[in-house]
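Okay, structure first, notes after.
Residue numbering restarts at 1 for every chain, and letters A, B, ... go by the order of the sequence lines.
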2 protein chains.
Amino acid sequence: MKKVTMADVAKKANVSKSTVSQFLNKRYQYMGEETKRNIEEAIKELGYQPNFIARSLKQKRTSTIGIIVANIMHRLSTEVSRAIEDFCRSNEINTIVCNADDDPIKEKKYIEMLRAKQVDGLIIFPTGKNQELYKNMVDQQYPLVFMDRIVSDVKVDTVVVKNEEWASRGIQHLIDNGHERIAMIAPPLTISPRIERAEGYKKTLRKNGIDLNPHYFISTEIGTVKKELARLLAGDKPPTAIFAANDLAFLQVAEYVKEKAIQVPEELSIIVFDNIPFAHISTPTITTIAQPSFEMGKKAAELLLLQIEGEGTKPRIYAFDGDLIIRESSESKKA
Amino acid sequence: MKKVTMADVAKKANVSKSTVSQFLNKRYQYMGEETKRNIEEAIKELGYQPNFIARSLKQKRTSTIGIIVANIMHRLSTEVSRAIEDFCRSNEINTIVCNADDDPIKEKKYIEMLRAKQVDGLIIFPTGKNQELYKNMVDQQYPLVFMDRIVSDVKVDTVVVKNEEWASRGIQHLIDNGHERIAMIAPPLTISPRIERAEGYKKTLRKNGIDLNPHYFISTEIGTVKKELARLLAGDKPPTAIFAANDLAFLQVAEYVKEKAIQVPEELSIIVFDNIPFAHISTPTITTIAQPSFEMGKKAAELLLLQIEGEGTKPRIYAFDGDLIIRESSESKKA
DNA sequence: TAATTTTAATAAATCGATTTAGTAAACCGA
DNA sequence: TCGGTTTACTAAATCGATTTATTAAAATTA
């Protein structure tokens with residue numbers, strides 16, 4: 001079944017392609033009532049569906065944006081993507097989501113692919129390792145927003161959470177509950193949020209006059225978290241509380257705790273910096289530092305659409321407040 | 001910064017557009033070494049990036065497929081989408097994921113949008129309510145695969161799990177553990193998997209000589225599950241085990257159980273038909289009937305790509321085996 | 001009535017690639 | 001030396017829309 005094109009509609013309605021195009025774009029300025037009816041009828045009879053590709057080629061815009069998440073397994077990625085999609089949808093913009101899997105090479109490939117597809121702009125959770133490419137886009141004034149991670153040296157609108165401040169609040173909460181031996185578990189400190197959370201952890205301990213014990217600070221690949229954890233907890237003076245720097249680190253901690261049947265919070269308190277979907281129904285419920293993923297996603301989308309409309313302003317960083325949600329996993333030792 | 005086109009490259013390399021096109025498509029058959037080098041250099045110097053849109057228009061294929069999931073909140077949707085994406089990626093096909101939110105109108109809009117964007121084919125988790133539209137696509141021989149749900153009357157390749165059989169196995173497991181008062185909690189029975197799971201539930205009880213108690217069969221909107229559950233458990237002869245028909249239903253059950261501090265499995269056993277990401281680390285761990293989402297996604301993608309290549313065969317239903325993973329939430333009463 | 005403006009519709013150029021048909025030079029055997 | 005083949009490359013048509021410049025008729029004004 002061959003495709004019905006605008007030319008077919010035009011022929012059937014006895015008008016020119018131009019007129020059909022005007023009709024489809026609702027430019028009725030000087031269009032006869034009868035012509036309108038004829039075209040409408042022809043479209044219906046032939047079952048005509050416009051070809052977006054052809055339109056995009058001429059108009060030089062695809063009404064599509066791309067999202068490149070660093071790692072789709074992070075809950076934040078999916079929540080933010082959802083928010084972006086919702087916002088774009090209500091502005092008649094489509095979104096394409098790609099997963100770079102924390103791999104700068106994949107990230108580069110996706111950026112090139114999406115640009116080849118002429119998407120009107122990109123929202124990226126940057127790996128941070130493609131500075132050249134980022135700068136290139138900035139130079140070309142290509143609409144671009146960074147999410148979750150700050151890349152210094154690249155002047156782009158960036159949406160993040162106040163990592164240091166809210167990590168600090170989480171640690172303070174543990175200290176207020178009587179903990180002094182607090183460990184932090186994090187993936188390698190390769191990107192800004194992890195570095196900032198580590199800062200918050202260290203500064204807050206110091207501020208409370210607690211010495212930093214380097215053994216309590218574990219920064220390692222996800223796959224080796226459990227091994228490190230075993231060593232830590234088997235050691236002398238094991239920590240009484242753990243701060244998991246993100247959801248994937250927490251998952252490892254949770255698996256370990258489950259396997260070893262460690263009592264939480266009696267033997268070990270736990271807090272997590274990230275959104276955990278089942279935090280409120282697990283046993284025990286989990287204390288989290290939540291990120292306002294919906295607002296962040298919406299903000300990023302707004303910023304990008306502004307840039308696309310040519311109304312972007314001087315690039316800056318938009319830092320959102322987190323939320324410390326205290327649950328059972330960090331209940332007071334004295335309670 | 002205006003876009004660099006093939007014409008610019010051609011001019012710079014002192015050849016025709018055609019030659020540049022040949023070069024880009026690696027049709028080196030009769031191309032001089034020097035010409036090749038010239039073109040390569042021109043491309044690098046100008047920073048030329050091909051325009052996929054223009055290519056798609058001429059070639060009448062976008063190398064892109066669409067996925068329309070019924071509800072992105074179902075774990076199955078995301079897992080299957082991931083599998084599809086992975087398979088497509090390795091075949092140089094891009095994917096666009098859309099979420100119909102269980103709404104036939106949105107589903108219709110997405111089908112039309114994606115087809116306007118000239119995607120080469122669609123994988124749909126059908127709401128089942130757009131029969132006209134589905135049939136239309138079939139008639140036009142548009143590449144199409146259904147996932148998770150069977151729509152009778154529409155002859156399309158369909159990938160599902162053996163719902164009745166594996167629901168049955170789950171129920172049998174509960175019966176073998178000494179349960180007789182088994183409730184089933186499900187969303188409205190509007191689509192085939194839910195109907196088939198209910199069949200499995202009923203038939204297995206009957207086969208074991210257990211009378212069906214209509215009060216034990218709750219099929220209602222997600223929002224009212226907890227209320228119904230409260231009534232059920234407060235009633236005379238409350239069930240000793242619950243079969244949650246999918247992940248969202250289970251989430252409601254889990255929340256309720258948490259709120260009321262019901263002991264699982266001592267007071268109430270639970271099994272779920274669906275993939276639950278934290279089933280193995282929750283307390284208690286959760287018995288699930290898992291679906292092979294990865295294989296299912298891969299199969300669907302394979303079927304679709306075959307259709308796109310024009311090598312599709314007579315449409316049929318591909319039913320996959322599930323997997324009963326027994327965990328703490330359904331531990332034997334007698335153990 | 002002639003000049004001007006408004007209304008209605010169109011022809012043709014364009015977007016940036018791919019593809020087909022064709023050309024010209026070099027080569028080659030008889 | 002001639003016809004035929006191979007090699008290297010190109011001009012022009014095409015994909016399906018949008019858009020600009022243009023035309024022609026009808027309505028209005030002077």
Side-chain angles (χ1 to χ4, degrees), chain A residues 1-40 42-43 46-64 112-113 115-120, chain B residues 1-40 42-43 46-64 92 112-120:
Chain A
M1 193 140 309
K2 64 190 177 310
K3 275 284 164 72
V4 180
T5 83
M6 222 171 69
D8 300 322
V9 175
K11 186 176 288 177
K12 177 135 205 158
N14 264 310
V15 294
S16 73
K17 282 195 300 172
S18 330
T19 308
V20 178
S21 177
Q22 314 281 23
F23 175 83
L24 287 170
N25 290 288
K26 301 196 184 3
R27 308 203 101 271
Y28 299 134
Q29 314 206 334
Y30 306 120
M31 193 173 299
E33 280 306 319
E34 181 157 352
T35 310
K36 266 193 249 181
R37 263 187 290 105
N38 284 342
I39 295 176
E40 205 158 21
I43 287 176
L46 295 172
Y48 168 73
Q49 302 263 153
N51 182 327
F52 228 83
I53 295 289
R55 149 187 271 245
S56 297
L57 178 59
K58 186 71 220 268
Q59 289 193 155
K60 299 186 162 212
R61 67 180 340 240
T62 51
S63 299
T64 303
E112 283 168 356
M113 182 273 278
R115 297 208 53 189
K117 287 208 154 200
Q118 312 299 116
V119 300
D120 298 335
Chain B
M1 193 144 304
K2 62 187 179 314
K3 274 286 166 68
V4 179
T5 85
M6 223 170 69
D8 300 322
V9 175
K11 184 177 290 178
K12 177 135 202 160
N14 264 310
V15 295
S16 73
K17 282 195 301 171
S18 329
T19 308
V20 178
S21 179
Q22 314 281 24
F23 175 84
L24 287 171
N25 290 288
K26 302 195 180 10
R27 309 204 99 269
Y28 299 134
Q29 311 205 337
Y30 305 121
M31 194 173 301
E33 279 306 319
E34 181 158 353
T35 309
K36 265 193 251 183
R37 264 187 289 105
N38 284 342
I39 295 177
E40 204 158 24
I43 287 176
L46 296 173
Y48 168 72
Q49 302 264 153
N51 182 328
F52 227 83
I53 294 288
R55 149 186 273 243
S56 297
L57 177 59
K58 185 71 221 265
Q59 289 192 156
K60 295 180 163 221
R61 67 177 343 237
T62 50
S63 299
T64 304
E92 313 242 272
E112 284 168 354
M113 184 272 280
L114 288 169
R115 296 207 54 191
K117 288 208 154 198
Q118 312 298 118
V119 300
D120 299 335

Nearest-nucleotide check on DNA chain C, Gln22(B) vs Tyr48(B); residue mapping nearer the 5' end is Tyr48(B)

Would you give the length of the straight line joining atom CZ of Phe23(B) to atom CD1 of Ile43(B), rounded to the nearest 0.5 angstrom?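 The CD1 atom of Ile43(B) is 5.0 Å from CZ of Phe23(B), to the nearest 0.5 Å.
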
Separation between CD of Glu40(B) and OG1 of Thr35(B), rounded to the nearest 0.5 Å: 12.0 Å

Please check the phosphate of [N] (OP1 and OP2 only) for any side-chain N or O of [X] closer than 4.0 Å.
X        : N       : value
Thr19(B) : dC9(D)  : no
Asn25(B) : dT18(C) : yes
Ser21(A) : dT18(D) : yes
Tyr30(A) : dT10(C) : no
Ser16(B) : dC9(D)  : no

To check you understand the geometry: which heavy-atom pair defines the closest contact between Met6(B) and Leu24(B), and what is its length?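 Answer, listing the atom of Met6(B) first, then Leu24(B): SD-CD1, 4.2 Å.
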
Whole-Å gap separating [atom2] ([N]) and [atom1] ([X]):
X        : N       : atom1 : atom2 : value
Lys17(A) : dA8(C)  : NZ    : P     : 23 Å
Phe52(B) : dC15(C) : CZ    : C1'   : 17 Å
Leu57(A) : dT19(D) : CG    : C1'   : 13 Å
Met31(B) : dT7(D)  : CE    : P     : 14 Å
Gln29(A) : dA9(C)  : CD    : P     : 13 Å
Glu33(A) : dA9(C)  : CD    : P     : 10 Å
Lys36(B) : dT7(D)  : NZ    : P     : 14 Å
Ile39(B) : dA8(D)  : CD1   : P     : 13 Å

Which part of the nucleic acid, if any, lies within contact of [X], taking any heavy atom under 4.0 Å across all strands shown: a base, the sugar-phosphate backbone alone, or nothing?
X        : result
Lys60(B) : sugar-phosphate
Val15(B) : sugar-phosphate
Asp8(A)  : nothing
Met6(B)  : base

Taking the side chain of Lys58(B) as heavy atoms from C-beta outward, which of dT18(C), dA11(D), dT10(C) is closest to it? dT18(C)

Would you mind telling me which of dT19(C), dG16(D), dT19(D) lies closest to the side-chain atoms of Asn51(A)? dG16(D)

Considering heavy-atom distances to DNA chain D, does Ala54(B) or Ser18(B) have its closest nucleotide positioned more toward the 5' end? Ser18(B)

Whether Glu33(B) and Lys36(B) form a salt bridge (side-chain N of Lys/Arg under 4.0 Å from carboxylate O of Asp/Glu) is what I want to check.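 Judged by the 4.0 Å cut-off on N to carboxylate O distance, Lys36(B) and Glu33(B) do form a salt bridge.
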
Is the number of heavy atoms from other residues, nucleotides or ligands under 6.0 Å of Glu34(B) CD greater than 12? no

Considering only heavy atoms and no angle criterion, is a donor-acceptor pair shorter than 3.5 Å present between the side chain of Thr35(A) and the base of dA8(C)?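 Answer no: no donor N or O sits under 3.5 Å from an acceptor.
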
Tell whether Thr5(A) reaches the base of dA17(D) with its side chain through a donor-acceptor pair below 3.5 angstrom.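 Checked by distance alone, the answer is no.
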
Side-chain heavy-atom pair Asn51(B), Gln118(A) within 4.5 angstrom cut-off: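 Yes - at least one pair of side-chain heavy atoms lies under 4.5 Å apart.
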
